[in-house]
Amino acid sequence: MESRTKKLAFMGLMLAVALTASHLESLLPVFTAVPGIKLGLANGVAMFVLYRNGIRPAVLLSVLRIILSAFLFQGMFAMLYSLAGAVFSLSTIILCKKTGWLSVVGVSVAGGVMHNAGQILVAALVLENVNLLYYFSVLVVSGVIAGTAVGALTGALLLKMPVLD
């Protein structure tokens with residue numbers, strides 16, 4: 001029973017960290033003059049949980065973070081974009097992790113690029129403007145850069161944080 005309690009407390013802590021990271025990122029000035037670019041620290045928390053605790057906890061963490069963030073800070077419309085990005089990203093990092101072909105950084109880069117792909121596809125559909133897809137090339141570059149940074153941070157945390165069992 002104690003192990004279950006520790007896991008629940010850990011997941012609550014990870015949800016708080018992910019929610020805080022997501023909100024703080026939205027408050028920071030844009031990293032570049034290009035709109036929509038973020039570091040993706042909340043997605044890094046989900047990837048950390050995936051590597052440490054498995055698929056179900058990572059998916060649950062992401063969904064809860066997106067819903068709470070929408071209700072507390074962003075609004076329902078932003079939730080649509082966040083969910084699309086999370087579905088694309090989580091699917092990719094789960095598959096990449098399972099193959100074992102990529103390092104944590106490589107998995108993170110793939111997830112970052114696919115997060116952007118999901119969001120740009122939703123934007124093109126919602127706005128009924130296929131020309132938005134040209135913006136994906138810019139987002140690929142930002143996804144690679146952010147994915148590298150988040151992957152390096154996640155990899156370092158995985159080495160330092162003990163597993164509670």
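Just so you know, these numbers use all the heavy atoms, side chains as well, and skip hydrogens, waters and symmetry mates.
- Partners of Leu153 according to the side chain to side chain contact (heavy atoms under 4.5 Å, CB included) rule, which considers only residues two or more places apart in sequence or in another chain, are Leu41, Leu157.
- Ile67 and Leu15 fall within a single hydrophobic cluster, where Ile, Leu, Val, Met, Phe, Trp and Tyr side chains are chained together by heavy-atom contacts under 4.5 Å.
- With Ser108 contributing its side chain and Val104 its backbone, the two residues share no donor-acceptor pair below 3.5 Å.
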Take Val150 and Val109 through the test side chain to side chain contact (heavy atoms under 4.5 Å, CB included) and record every step on the way to the result.
CA-CA 8 Å; Val150 169; Val109 167; over 6 Å; no

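- Here CE of Met47 is found 9.0 Å from OG of Ser89. Values are rounded to the nearest 0.5 Å.
- In this structure, CZ in Phe71 is found 13.0 Å from CD1 in Ile66, a value given to the nearest 0.5 Å.
- Cluster membership for Ile120 and Val130, using ILVMFWY side-chain heavy atoms within less than 4.5 angstrom, is shared.
- The shortest non-hydrogen separation linking Val105 to Gly151 is CG2-C, 3.7 Å.
- Taking a 4.5 Å side-chain heavy-atom cut-off between Ile, Leu, Val, Met, Phe, Trp and Tyr, the cluster of Leu8 contains only that residue.
- Every residue two or more places apart in sequence or in another chain was checked for a ring pair (Phe, Tyr, Trp, His ring centres under 6.0 Å) with Tyr51, and none qualifies.
- Here the OG1 atom belonging to Thr154 is positioned 9.0 Å from the CD1 atom belonging to Ile93, to the nearest 0.5 angstrom.
- A side-chain contact (heavy atoms from CB on, under 4.5 Å) with Val59 is found for one member of Leu90, Val49, Val87, Leu50 and no other, namely Leu90.
- Taken from OG in Ser82 to CE in Met76, the straight-line distance is 10.5 Å, to the nearest 0.5 Å.
- Put simply, Leu95 and Phe48 are part of two different groups of oily side chains (I, L, V, M, F, W, Y) that touch within less than 4.5 Å, one to the next.
- Of all non-hydrogen atoms in Val107 and Cys96, the two that sit nearest each other are CG2-CB, 3.9 Å.
- Looking at Leu121 and Phe88, their side chains come closer than 4.5 Å, going by heavy atoms from C-beta outward.
- Expressed to the nearest 0.5 Å, how far CG of Asn43 lies from OG of Ser62 amounts to 6.5 Å.
- For the pair Ala46 and Ala58, the tightest heavy-atom approach, listed with the atom from each and the gap, is O-CB, 3.6 Å.
- The closest side-chain heavy-atom distance from Gln119 to Leu83 is not below 4.5 Å.
- Contact record, Gly111 with Thr92: N-CG2, 4.2 Å, taken as the closest heavy-atom pair.
- Partners of Phe73 under the ring pair (Phe, Tyr, Trp, His ring centres under 6.0 Å) rule, at least two apart in sequence or in another chain, are His23.
- In terms of hydrophobic clustering, with Ile, Leu, Val, Met, Phe, Trp and Tyr side chains grouped at heavy-atom distances under 4.5 Å, Tyr135 and Leu125 are assigned to different clusters.
- In terms of heavy-atom proximity, Met79 sits nearest to Ala70 at CB-CB, 3.6 Å.
- Membership of the apolar cluster around Val141 extends to Ile145, as traced through chained side-chain contacts below 4.5 Å between ILVMFWY residues.
- Side chains of Met114 and Ser91 form no contact here, defined as non-hydrogen atoms less than 4.5 Å apart.
- Atoms CE and CG, on Met11 and Leu61 in that order, are 5.0 Å from each other to the nearest 0.5 Å.
- Among residues two or more places apart in sequence or in another chain, the side chain to side chain donor-acceptor pair (under 3.5 Å) test is passed with Ser69 by Gln74.
- By the criterion of side-chain heavy atoms lying less than 4.5 angstrom apart, applied directly or through intervening Ile, Leu, Val, Met, Phe, Trp or Tyr residues, Leu133 is grouped together with Val140 in one hydrophobic cluster.
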